[in-house]
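The chains referred to below are lettered A, B, ... by the order of the sequence lines, with proteins before strands, and numbering in each begins at 1. Since the structure is predicted, the reported quantities are computational estimates derived from the model, not experimental observations. For the numbers below, each heavy atom of this structure counts, side chains included, while hydrogens, waters and symmetry mates do not.
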2 protein chains.
Amino acid sequence: MRVLGIDPGLTRMGMGVVDGDVGRPLRLVDVNVLRTSSTLAVPERLVTIEKGVEAWIEEHRPDAVAIERVFARSDVSTVMGTAQASGIAMVCAARLGIPVAMHTPSEVKAAVSGNGRADKAQVGAMVTRILRLDAMPKPADAADALALAITHIWRGGAQARIDAALAAAATRGTR
Amino acid sequence: MRVLGIDPGLTRMGMGVVDGDVGRPLRLVDVNVLRTSSTLAVPERLVTIEKGVEAWIEEHRPDAVAIERVFARSDVSTVMGTAQASGIAMVCAARLGIPVAMHTPSEVKAAVSGNGRADKAQVGAMVTRILRLDAMPKPADAADALALAITHIWRGGAQARIDAALAAAATRGTR
């Protein structure tokens with residue numbers, strides 16, 4: 001399967017595409033950081049993000065999109081923009097019927113490093129090793145996006161299937 | 001001018017359209033509350049919101065969209081969904097080149113009632129009086145959306161013009 005991992009943010013949005021399956025070597029397809037200028041108004045920045053995510057989905061045609069789950073308790077100064085950027089990414093995927101999964105930072109850290117409290121450098125080092133890269137992807141947003149894609153593949157897309165099943169069951173229940 | 005006011009939310013999204021100008025009587029054009037079911041996954045809910053906002057913009061062709069500014073310090077359980085819904089509304093407008101303005105809840109309360117700490121009932125009563133309606137718009141999300149549109153008209157779209165001027169100046173400065 002091919003997964004687009006997204007580390008959402010208004011200023012820097014990490015996007016990483018990984019091919020692979022559980023128990024087989026993974027392959028880096030592409031990685032990028034989408035930037036928007038803080039001199040622009042937020043609506044314009046979100047439109048830039050929308051266009052960037054749309055272009056990547058069209059180019060790479062992922063089977064799933066894995067986005068970092070943002071918590072309201074994160075850094076207050078950036079959390080609203082991050083939530084908005086993640087919402088745009090969700091819509092870009094869902095509009096095309098591509099399954100969207102959310103993974104928390106500690107799930108991602110645990111999946112790639114075995115330690116839910118790993119720091120950025122450890123996550124970056126493990127992403128480099130797992131994808132057999134010559135150098136650590138930079139900035140950290142790029143490595144985090146790849147870590148999200150890896151996490152999603154290793155979890156076998158299980159969470160997305162569980163969510164879909166629960167949503168379907170709930171819909172049946174309310175008919 | 002015609003303004004679409006939006007009180008963003010994942011479960012209930014208030015949308016109110018008001019025609020008018022500073023110093024002249026205002027007129028209610030349309031008001032609605034867009035609802036999405038909590039049994040759906042967030043990406044699907046956001047796509048429903050996108051379609052609903054797009055349809056309203058197409059139907060009513062507002063000159064500006066006024067959205068309630070969401071704060072990270074609001075109720076933690078709903079703030080992320082509210083931020084995402086507001087981001088979708090911003091993109092729907094900005095994509096079409098329609099100016100977007102944000103007004104805080106206290107700015108709206110102060111504009112319609114003269115009291116930045118007015119409660120929901122006071123805001124609803126003032127919206128009813130200002131638009132010369134027979135009954136208070138319900139639920140509160142509908143009245144709040146209309147209050148946002150009224151606020152924007154009464155502020156003469158000044159904030160949007162200031163924001164645009166600052167953004168243009170900043171762009172010139174970084175060239």
Inset, instruction - Determine, using the 4.5 Å side-chain heavy-atom cutoff (strictly less than), whether A/Leu96 and A/Ile49 are members of one ILVMFWY cluster. - result: yes
Legend entry - Results of salt bridge (charged side-chain N to carboxylate O under 4.0 Å, His left out) for B/Arg129 - residues two or more places apart only: none
Legend entry - Linked, directly or transitively: B/Val112 and B/Val3 (ILVMFWY side chains, under 4.5 Å): yes
Inset, instruction - List the atom of A/Ala94, the atom of B/Val47, and the distance in Å for their closest heavy-atom pair. - result: CB-CG2, 3.5 Å
Legend entry - Within 6.0 angstrom of B/Arg24 CZ, more than 12 heavy atoms from elsewhere: no
Inset, instruction - Determine, using the 4.5 Å side-chain heavy-atom cutoff (strictly less than), whether B/Trp154 and B/Met1 are members of one ILVMFWY cluster. - result: yes
Inset, instruction - Measure across B/Gln84 and A/Ala83 and return the closest heavy-atom pair with its distance rounded to 0.1 Å. - result: CG-O, 3.0 Å
Legend entry - Linked, directly or transitively: B/Val108 and B/Val33 (ILVMFWY side chains, under 4.5 Å): no
Inset, instruction - Measure across A/Val100 and B/Pro43 and return the closest heavy-atom pair with its distance rounded to 0.1 Å. - result: CB-CG, 3.7 Å
For residues 53-67 of chain A, which side-chain N or O atoms pair as donor and acceptor with protein atoms under 3.5 Å away, sequence neighbours left out?
| unit_1 | atom_1 | unit_2 | atom_2 | d |
| --- | --- | --- | --- | --- |
| A/Glu54 | OE2 | A/Arg95 | NH1 | 2.8 |
| A/His60 | NE2 | A/Asp30 | OD2 | 3.2 |
| A/Asp63 | OD2 | A/Arg2 | N | 2.7 |

Inset, instruction - May I ask whether B/Met102 and A/Leu10 are part of the same hydrophobic cluster, defined by side-chain heavy atoms of I, L, V, M, F, W, Y residues being less than 4.5 angstrom apart, directly or through others? - result: yes
Legend entry - Positions in residues 136-145 of chain A that reach chain B, provided some heavy atom is under 4.5 Å away: none
Legend entry - Per-residue contacts, residues 118-127 of chain B versus chain A, heavy atoms under 4.5 Å: none
Legend entry - Most contacts with chain B, counted as non-hydrogen pairs under 4.5 angstrom, among A/Glu44, A/Lys51, A/Glu50: A/Glu50
Inset, instruction - Kindly compute the distance separating CZ (B/Arg45) from CE (A/Met90), expressed to the nearest 0.5 Å. - result: 11.5 Å
Legend entry - Neighbour count >12 (heavy atoms, 6.0 Å) for atom CZ, B/Arg117: no
Legend entry - Option from B/Val91, B/Thr48, B/Ile88, B/Val42 for which side chain to side chain contact (heavy atoms under 4.5 Å, CB included) with A/Val91 holds: B/Ile88
